[in-house]
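Presented below is the structure to which this report refers.
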Number of protein chains: 2
Amino acid sequence: MERTVPRPRLYRDAILALLRRNLTHPTVDWIHQELRKREPRVSLATVYRTLRVLVAEGVLCELPFGAGQSRFGLVKEQNHYHFICDSCGHIHDLPGPARAGLETAVAEATGHRVIRHTTEFFGVCKSCLANAASSAEAKKARPRKIAPKGGKRGERYR
Amino acid sequence: MERTVPRPRLYRDAILALLRRNLTHPTVDWIHQELRKREPRVSLATVYRTLRVLVAEGVLCELPFGAGQSRFGLVKEQNHYHFICDSCGHIHDLPGPARAGLETAVAEATGHRVIRHTTEFFGVCKSCLANAASSAEAKKARPRKIAPKGGKRGERYR
DNA sequence: ATATGTGCAAAGCTTTTGCTGCAGT
DNA sequence: ACTGCAGCAAAAGCTTTGCACATAT
């Protein structure tokens, strides 16, 4: 056959490359689709397995936001500040304000042991703002009423 | 039959009462079990439906943390600061530092429109610290290696 | 009588796992 | 020969939904 793909950790680097290029913490499905453009035989199970390994290694982090599929992104620095677009669901990294005293303050106030913290900002991202502006006003009110979770999940956000 | 329950919004208040008493943002399953102790015929579907309505009304908020079932809690004040225990999964409310200038600073830096933000502190809660101390040291290392999400979800955290 | 809420069961989606087979050492 | 990884398909878990019926207005 054409190339008879190499075995060990075959798609590991390809997935990391994708995540290095896409900084919006894509869904598992997006990663799978994108990978398939180059390697049509990749199975979704392999993508999941690879992602789990990378998370266990500390290279990636999983973000539970977006109310649907899990999203994964690189763990760079101590960057745990995100902006999450309510409209398109993309998650952007932010430079962390890095407030050190905050954790100890919480620990002293509550008695819990605080190890780390994250902050998420929600709103409408730059490009969605632009899209909304260009498509005038009266087009159609966006549904977004009850936000289903289990049902037609993957159809929202890309 | 015994009582022939009243119809409209039958369990709405009962669920709210439960959440008013339990401040750790319980899982759907916990709510269901608890409700069943008084109303054995409640179905899980009804619990989900009621919770979705309450979220849509803005009375409750859904928290995507814990990597398993969804968790729900009351929306009180602007309280969007949480402490999440890595060990037991409970989510405790914290009094918010309420830093107003933060959102506008992020908006100016990124170009996104920022509407709200949340902060989560992770660590080990007071009671888990106590339990760990009482069960000496050598008992068994806690597994927690790869953190499965879809498989045996509900078995973790209560 | 109508409209709405509920229970039950089934469907749907995401994520994991078992098994088989192939590839590299 | 052995080990380990990938593909496929099936299973498992959480959440939603269709349908029938009961209940309040």
Side-chain angles (χ1 to χ4, degrees), chain A residues 1-15 26-33 35-36 38-56 62-72 89 145-158, chain B residues 1-15 26-33 35-36 39-56 62-72 89 143 145-158:
Chain A
M1 311 93 187
E2 6 176 305
R3 226 242 313 187
T4 61
V5 280
R7 278 286 118 165
R9 263 45 188 274
L10 175 47
Y11 306 114
R12 183 196 169 88
D13 293 338
I15 288 177
T27 63
V28 177
D29 216 54
W30 184 91
I31 296 170
H32 184 218
Q33 298 302 331
L35 204 50
R36 275 205 163 181
R38 311 187 143 239
E39 306 279 357
R41 296 184 49 76
V42 191
S43 76
L44 189 55
T46 299
V47 174
Y48 272 107
R49 269 188 287 231
T50 307
L51 289 172
R52 288 268 160 257
V53 170
L54 289 170
V55 168
E62 177 182 1
L63 299 176
F65 309 103
Q69 291 191 111
S70 296
R71 290 168 172 274
F72 294 84
K145 298 179 78 92
I146 289 197
K149 257 203 84 178
K152 287 110 180 182
R153 294 208 221 193
E155 288 159 25
R156 307 186 307 141
Y157 301 159
R158 284 213 150 252
Chain B
M1 314 89 191
E2 6 174 302
R3 226 244 310 190
T4 62
V5 281
R7 280 286 117 165
R9 260 51 186 268
L10 175 46
Y11 306 114
R12 183 195 168 90
D13 294 339
I15 288 177
T27 63
V28 177
D29 216 55
W30 184 91
I31 296 171
H32 184 218
Q33 299 301 331
L35 203 51
R36 275 204 165 182
E39 307 279 357
R41 298 185 46 75
V42 193
S43 75
L44 188 56
T46 299
V47 174
Y48 270 107
R49 270 188 287 232
T50 306
L51 289 173
R52 288 267 160 257
V53 170
L54 289 169
V55 168
E62 177 182 1
L63 298 176
F65 309 102
Q69 289 190 114
S70 295
R71 289 170 171 273
F72 294 84
K145 297 180 79 89
I146 288 199
K149 257 203 85 176
K152 287 109 180 182
R153 293 209 223 192
E155 286 158 27
R156 306 186 308 140
Y157 302 158
R158 284 210 151 254

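Just so it is clear, the model here is predicted, and its values are computed rather than measured. Naming convention: chains lettered A, B, ... in sequence-line order (proteins, then strands); numbering from 1 in each chain.
- In this structure, the salt bridge (charged side-chain N to carboxylate O under 4.0 Å, His left out) partners of A/R12, at least two apart in sequence or on a different chain, are A/E57.
- The distance from atom CG of B/L44 to atom P of D/dT16 is 10 Å, rounded to the nearest whole Å.
- To the nearest 0.5 angstrom, B/L44 atom CG is 10.0 Å from B/I31 atom CD1.
- The CD atom of A/Q69 sits 18 Å away from the P atom of D/dC14 (whole-angstrom rounding).
- The CZ atom of B/R12 sits 16 Å away from the C1' atom of C/dT6 (whole-angstrom rounding).
- The interatomic distance linking B/L54 (CG) with C/dG5 (P) rounds to 12 Å, in whole Å.
- A straight line from NE2 of B/H32 to C1' of D/dG13 spans 16 Å, rounded to a whole angstrom.
- Shown here are the side chain to side chain donor-acceptor pair (under 3.5 Å) partners of B/T46, two or more places apart in sequence or in another chain: B/S43.
- D/dA6 atom C1' lies 12 Å from atom CD1 of A/I15, rounded to whole Å.
- Here the C1' atom of nucleotide D/dC14 and the CG atom of B/L51 are 13 Å apart, to the nearest Å.
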Between protein and nucleotides 8-10 of chain D, what N or O pairs are separated by less than 3.5 Å?
| unit_1 | atom_1 | unit_2 | atom_2 | d |
| --- | --- | --- | --- | --- |
| D/dC8 | N4 | A/R49 | NH2 | 3.4 |

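- Here A/L35 contributes atom CG and A/R41 contributes atom CZ; the two are 13.5 Å apart, rounded to the nearest 0.5 Å.
- Residues passing the salt bridge (charged side-chain N to carboxylate O under 4.0 Å, His left out) test with B/R49: none are found, sequence neighbours excluded.
- Computed from coordinates, the A/R52 CZ to C/dT16 P distance equals 4 Å when rounded to whole Å.
- Proximity of B/Y11 to B/V47: side-chain heavy atoms (C-beta onward) are nowhere separated by under 4.5 Å.
- Proximity note for B/Y11 (side chain, C-beta onward) versus C/dT16, C/dG7, D/dG7: the nearest is C/dG7.
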